[in-house]
Amino acid sequence: MYMVYWTEVEDGAASARGREFASDDMSMAMKFMEELRARQRAGESICFVAMSSENPDSVGHPGVADPSPDYNWKKRRR
């Protein structure tokens with residue numbers, strides 16, 4: 001799944017917005033982001049346009065955590 005987030009400023013008050021796109025619809029999410037940026041370039045009070053995704057086939061848990069005790073990575077540079 002993809003989420004596009006942006007902020008609209010009206011009368012000095014910022015309000016966060018978001019729109020969801022299906023996992024197989026990345027191109028539509030990117031097209032929507034470009035539409036928001038075009039509106040921003042045209043002078044509308046839109047800022048902080050960003051996209052985030054969650055991969056349902058991800059191997060590990062999202063975020064940052066300590067490695068498992070059996071993890072044994074070594075740097076192989078001399």
Side-chain angles (χ1 to χ4, degrees):
M1 172 173 59
Y2 298 100
M3 288 291 295
V4 174
Y5 298 100
W6 70 98
T7 300
E8 293 182 10
V9 181
E10 297 175 18
D11 299 324
S15 63
R17 311 274 185 200
R19 182 170 164 188
E20 181 179 332
F21 295 85
S23 293
D24 61 352
D25 221 359
M26 182 181 193
S27 61
M28 286 301 295
M30 294 180 77
K31 181 180 177 185
F32 180 67
M33 289 174 64
E34 187 52 35
E35 290 171 5
L36 288 171
R37 290 185 177 122
R39 290 173 50 195
Q40 182 184 39
R41 286 189 297 270
E44 290 189 44
S45 296
I46 296 174
C47 54
F48 299 107
V49 178
M51 180 173 67
S52 180
S53 66
E54 283 194 13
N55 185 348
D57 301 319
S58 180
V59 177
H61 299 289
V64 178
D66 290 330
S68 63
D70 63 338
Y71 183 76
N72 189 21
W73 179 85
K74 290 186 171 73
K75 186 173 184 177
R76 296 182 188 225
R77 186 180 287 176
R78 295 176 197 226

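Note that the structure is a prediction, hence the values are computed from the model and not measured. FYI, side chains are in, hydrogens and waters are out, and symmetry mates aren't considered; it's all heavy atoms of this structure.
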Side-chain polar contacts of residues 22-32 - donor-acceptor pairs under 3.5 angstrom, sequence neighbours left out - could you list them?
unit_1, atom_1, unit_2, atom_2, d
Ser23, OG, Met1, N, 2.5

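- When all heavy atoms of Gln40 and Ile46 are compared, the pair lying nearest together is NE2-O, 2.7 Å.
- Atoms OG and CZ, from Ser45 and Arg39 in turn, are 10.5 Å apart once rounded to the nearest 0.5 Å.
- The stretch residues 45-54 participates, sequence neighbours left out, in no salt bridge (Lys or Arg N to Asp or Glu O under 4.0 Å) pair at all.
- Residues forming a side-chain contact (heavy atoms from CB on, under 4.5 Å) with Tyr5 (at least two apart in sequence, or on another chain): Met3, Ser52.
- Within the 4.5 Å cutoff, side-chain heavy atoms of Trp6 are placed close to those of Arg19.
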